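Computed from a predicted structure; not experimentally measured. One-based numbering, in listed order, for ligands and for the atoms of each.
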Amino acid sequence: MKIIGGPSSQTLACRVAALLNVVPTVIHFERFPDNEHYLKITEDIAGQDVVLIQSTVTDSDWVALYQLLDACESAKSVIVVIPYMGYARQDKLFKPGEAVSARAMARTVTADNLEAVYTVNLHEKSVLKHFKCPAFDLDASPLIAEYIVSLGLKEPLLIAPDKGVRAMVEHMASGLSLDWIPFDKIRLDGATIEMTGGGLDITGRDVIIVDDMIATGGTMAEAVKILKGNGARDVYTACIHPVLSRNAVLRLAGAGVKDIMATDTIEKIQSRISTAPLIAAVLKK
Ligand code: R5P
């Protein structure tokens with residue numbers, strides 16, 4: 001098996017390869033003078049089973065994924081792992097005339113030798129049906145739960161900041177016998193939200209707000225306000241995908257967040273929890 005990490009998932013790909021006892025395949029990539037992308041796989045992969053691991057955080061990441069798929073034309077089979085799939089939040093028609101971008105992107109991931117696509121904690125699972133091959137979503141939340149427990153916090157309490165992650169947070173909490181509380185969120189626009197959470201007895205407790213992703217940090221910052229106002233001791237944030245756009249890191253620090261914990265579906269300094277065991281386990285099968 002050949003494991004190829006794209007430009008955005010080099011570390012994760014190396015971790016997966018190490019768990020599978022495979023030397024990762026080296027790719028070369030750069031830009032032409034006109035800024036177009038160039039990509040080359042430096043080994044012969046003809047007739048091989050190839051795994052491509054590439055998160056699509058930026059549009060350039062999508063281009064690299066298409067180039068990788070194309071460069072694998074001579075492979076026997078290809079499995080694509082998209083640990084973080086960009087555009088996945090535009091998963092339905094919110095207003096007439098809009099592009100359903102998640103569908104548009106899923107449809108473009110195609111090749112004759114493509115066997116399957118794996119994503120991790122897709123924002124909305126229904127996007128899977130738009131891939132033109134079997135597609136599966138992996139759940140990294142148990143890895144975050146394990147990490148939280150390893151911190152030895154004081155009576156840790158998990159918060160689900162909106163409806164979309166309630167099931168995930170409830171599952172994490174029940175597996176570890178932790179308390180959890182759901183909040184309600186209304187999004188006013190891309191960067192502004194209103195949140196409510198009531199009946200909290202959290203004085204002196206350590207609280208961890210868990211979401212599938214942190215983008216602008218608006219959701220987390222609102223939840224922190226409520227928690228601090230109700231006497232929480234230390235407030236942490238945890239997410240699968242640390243998008244951390246704009247000034248999210250500063251915003252969360254300014255709101256009094258003690259730490260941002262995240263997985264390596266997006267490779268950032270906060271990505272201390274690796275999804276490699278999850279991905280390697282599936283590839284082993
Ligand atoms: C929304 O439904 C997601 O689960 C996240 O809550 C959201 O994407 C986070 O975005 P932001 O950090 O910009 O509030």
Inset, instruction - For the pair D139 and N121, evaluate side chain to side chain donor-acceptor pair (under 3.5 Å) and give the outcome as yes or no after the intermediate values. - result: CA-CA 5 Å; D139 180 15; N121 291 89; 3.1 Å; yes
Legend entry - Verdict with reasoning, S9 to Q54, per side chain to side chain donor-acceptor pair (under 3.5 Å): CA-CA 5 Å; S9 297; Q54 165 77 343; 4.5 Å; no
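Under 4.0 Å is where a charged nitrogen must lie from a carboxylate oxygen, and between R15 and D264 at least one such pair does. Salt bridge present: K2 and E43 bring a charged side-chain N and a carboxylate O closer than 4.0 Å. D91 and K125 are not joined by a salt bridge, as no carboxylate oxygen comes within less than 4.0 angstrom of a charged side-chain nitrogen. Between K154 and D206 there is no salt bridge, since no side-chain N of the basic residue sits under 4.0 Å from a carboxylate O of the acidic one.
Put simply, OG1 on T110 and CG on D112 are 7.0 Å apart, with the number rounded to the nearest 0.5 Å.
Which parts of ligand 1 touch D162 is read off a 4.0 Å heavy-atom cut-off, strictly below it: atoms 1 (C), 2 (O), 4 (O), 6 (O). Below 4.0 Å from some heavy atom of R89 lie the following atoms of ligand 1, by number and element: 7 (C), 8 (O), 10 (O). Residue G217 approaches ligand 1 through these ligand atoms, each under 4.0 Å from one of its heavy atoms: 11 (P), 12 (O), 13 (O). Close approach of ligand 1 to I214 is summarised as follows: ligand atoms under 4.0 Å from at least one heavy atom of the residue are 12 (O). Below 4.0 Å from some heavy atom of M213 lie the following atoms of ligand 1, by number and element: 5 (C), 8 (O), 9 (C). Atom numbering of ligand 1 starts at 1 in the shown order; those under 4.0 Å from a heavy atom of D212 are 3 (C), 4 (O), 5 (C).
Atom 12 (O) of ligand 1 has its nearest heavy-atom neighbour, among A215, A88, A160, in A215.
Contacts between T216 and ligand 1, counted as non-hydrogen atom pairs separated by less than 4.0 Å, involve both the backbone and the side chain. When non-hydrogen atoms are compared, ligand 1 lies under 4.0 Å from the backbone of T219 as well as from its side chain.
The closest approach between a heavy atom of H123 and any atom of ligand 1 is below 4.0 Å.
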